[in-house]
Amino acid sequence: MHQRVVQIVREEMNAIGGQEMLMPVLQPAEPWRKTGRLEIEALFKLTDRKGSELVLAMTHEEAVTFHVAQVVRSYRDLPLILYHFQVKERDEPRPRAGVLRTREFIMKDSYTFDRDRAGLDERYELHARAYGRICDRCGLEWYKVESDVGMMGGHGADEYMAPCAAGENDVALAPGYAANVEVASADAQPVQLPPELDGPQRVHTPDATTIEALVGQLDVPAGATLKAFPVIVDEDAMKLVVVRGDHRVNEIKLRTALGAPFRAAGAQEIATRLGPPGYIGPVGAQLPILLDAAVAGNGAGSYVAGANEADAHLRGVKPGRDFPYETVDVRAVVAGDTINGLEIRIEPAIEIGNIFKLGTRYSEPLGATYLDESGTAQLVWMGSYGFGPARAAAAAVEQNADEQGIAWPRAVAPFDVELVALGKPGTEERSFAESLYAELQDAGLDVLYDDRDAGPGEKFADAELLGCPLRLTVGRRTLGAGEIEVQVRRGQQQRTVPVDGAAAAVAELWRTLS
RNA sequence: CGGGGAGUGGCGCAGUCUGGUAGCGCACCCGGCUGGGGGCCGGGCGGUCGCAGGUUCAAAUCCUGUCUCCCCGACCA
């Protein structure tokens, strides 16, 4: 089924003008140094016997850009769509989840090369449509979501997600909206705030180092408290991120907002710069304060915040009046938040593909330029597009399995039909099954023929586990009635077809399946 | 990186606490029965107990080290 997915992808890539090629996995380290990606922890690095530095490629931007830089000279050489199916190697912190997260996997990656942003947008759109067709043809339930650009850098990215319980990503969905929670943004559910005061008032709150404990003591909703999250940006400056007490910081959104790497501040750093951990807050903090939009947007009312001293909080805190801030959107959205007044839900999903607008992120460091009509050198505008056949197959399994096993979509099933012959070898039903096997193949079907000397129960159970769309049974009972039995795997409805013209009837039935 | 678990015939496991003849199911091989939901009877093959050291008369079992795998979390360019 991996090869069936591959062939679907290949056809759709060719249909948008892609040229298939093959690039090496083992590559010199130098181009990776030039793009700054040699530092990536997940990149396998090694040396050969002469001590030359090599890497095992995790994607192929460096290789393809280097290649294009050699070959493309003129605007007349563009646009270009190149792709290949190749092994990717990634030193994952923790490989897991079977086929979903492995150190080594095959990915289709394509790369587009254009003379400008408008060309890139065109090539990107071609891929978006091709990916939609690929997902449909693979029989998947899927959606396209906005995503974080992550390690790739660049100007925008979307992911293709197949919802299922085994998924490792969470996606926020509302009518007309779909985004990975790493970038999702929504309107928070409203909260009843305590009335305003003339200024912050200190309240005694022993052992209230968690929002839960604090809420228990003060009788205010968690959403009326402020949670302070001190971070060290670039191993240098400390900043204080503040979100509503009932919200959580999403670290990907925060990294995006900061525009730089960060880490959570340690207890000692907090104690030195602010106050006792558990009691810190924005009022009086001599730090830049980043206030989440869910707090900053509220007009009336006031909040409870840490007082930066032990066993004390402040009530009546008003952002702006009591502390200066910069507004950011860094909270993780939760189910029940709204977008345009419509509630969102959050679902797990498998990421099966992603598409990135790279721009000149790679063409610049690797010198991929062309000469325009005026003879001026210009940087090539690039896009990068990944698709994981194994993940698509995994999603097809997860979305179509039942108690008995897999129920493959027709397009990606390992075989079209499983033919089960009952009876002892040498019997009439066996010899009929032999001839039916040949006729089915002549009718253009891929057939798995179970001619093992095994009991019927064993064969039926195996057929259902494997999950071919149709199961044919040739047995003495139905054969005597001039029929063979057909089971549609999905739903497991049984029917019979006459022996005469059976192969053609089965082929016809197969065509009606999804 | 933090927490937890597991390494014993091909596969799945028991035995380890309390040291003393390595065991069970499945699979496999042989003979036979059965033949529409993993059926039955009989007879067989197959294991340096992850690895290395130590304790002991004696180690799958106790001790030390080490490797690998799995799960949860962190992380995931």
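Naming: A, B, ... by sequence-line order, numbering from 1 per chain.
Using atom C1' as the reference point in both B/A58 and B/U68, the two lie 30 Å apart (nearest Å). Annotation: B/G36 and B/U16 have their C1' atoms spaced 47 Å apart (nearest Å). Separating the C1' atom of B/C30 from that of B/G46 is a span of 15 Å, rounded to the nearest Å.
In a base pair of the Watson-Crick type (N1 to N3 plus N6-O4 or O6-N4) or a G-U wobble (N1-O2 and O6-N3), with each distance short of 3.5 Å, B/G20 is matched with B/C57. Base pairing of B/U68 is made with B/A6, judged by Watson-Crick or G-U wobble geometry with both donor-acceptor distances under 3.5 Å. Under the Watson-Crick or G-U wobble criterion, with both distances below 3.5 Å, B/G25 is paired with B/C11. Under the Watson-Crick or G-U wobble criterion, with both distances below 3.5 Å, B/G73 is paired with B/C1.
Contacts between residues 429-437 of chain A and RNA chain B, counted as heavy-atom distances below 4.0 Å, involve no residue at all.
Whole-Å rounding puts the A/Asp453 CG to B/A27 P distance at 14 Å. Atom CG in A/Asp450 sits about 19 Å away from atom P in B/G35, given to the nearest Å. Atom P of nucleotide B/G36 and atom CZ of A/Arg477 are separated by 7 Å, given to the nearest angstrom.
Counting non-hydrogen atoms of other residues, nucleotides and ligands closer than 6.0 Å to CD of A/Gln494 gives a total above 12.
Remark: the A/Thr427 side chain and the B/G35 base include no donor-acceptor N/O pair separated by less than 3.5 Å.
With a 6.0 Å cutoff to the six-membered ring centre and a 45° limit on the axis angle, A/Arg489 does not count as a cation-pi contact of A/Trp408. A cation-pi contact links A/Lys357 to A/Tyr124, judged by a cut-off of 6.0 Å to the six-membered ring centre and 45° from its axis.
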Expected rows: protein N/O vs nucleotides 38-41 of chain B N/O, under 3.5 Å:
unit_1	atom_1	unit_2	atom_2	d
B/G38	O4'	A/Glu458	N	3.2
B/G38	N1	A/Asp462	OD1	3.2
B/G38	N2	A/Asp462	OD1	3.1
B/G38	N2	A/Asp462	OD2	3.4

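Backbone-only engagement by A/Glu251 is indicated by non-hydrogen atom pairs under 4.0 Å involving sugar-phosphate atoms exclusively. Heavy atoms of A/Arg263 sit nowhere under 4.0 angstrom from any nucleic acid atom.
Here the side chain of A/Thr473 is nearest to one of B/C69, B/G36, B/G37, namely B/G36. Checking B/C69, B/G36, B/U34 against every side-chain atom of A/Lys424, the shortest atom distance belongs to B/U34.
Evaluation of the ring pair (Phe, Tyr, Trp, His ring centres under 6.0 Å) rule for A/Trp381 yields A/His155 as partners, not counting sequence neighbours.
Between A/Arg345 and A/Glu347, at least one side-chain nitrogen of the basic residue sits less than 4.0 Å from a carboxylate oxygen of the acidic one, meeting the salt-bridge criterion.
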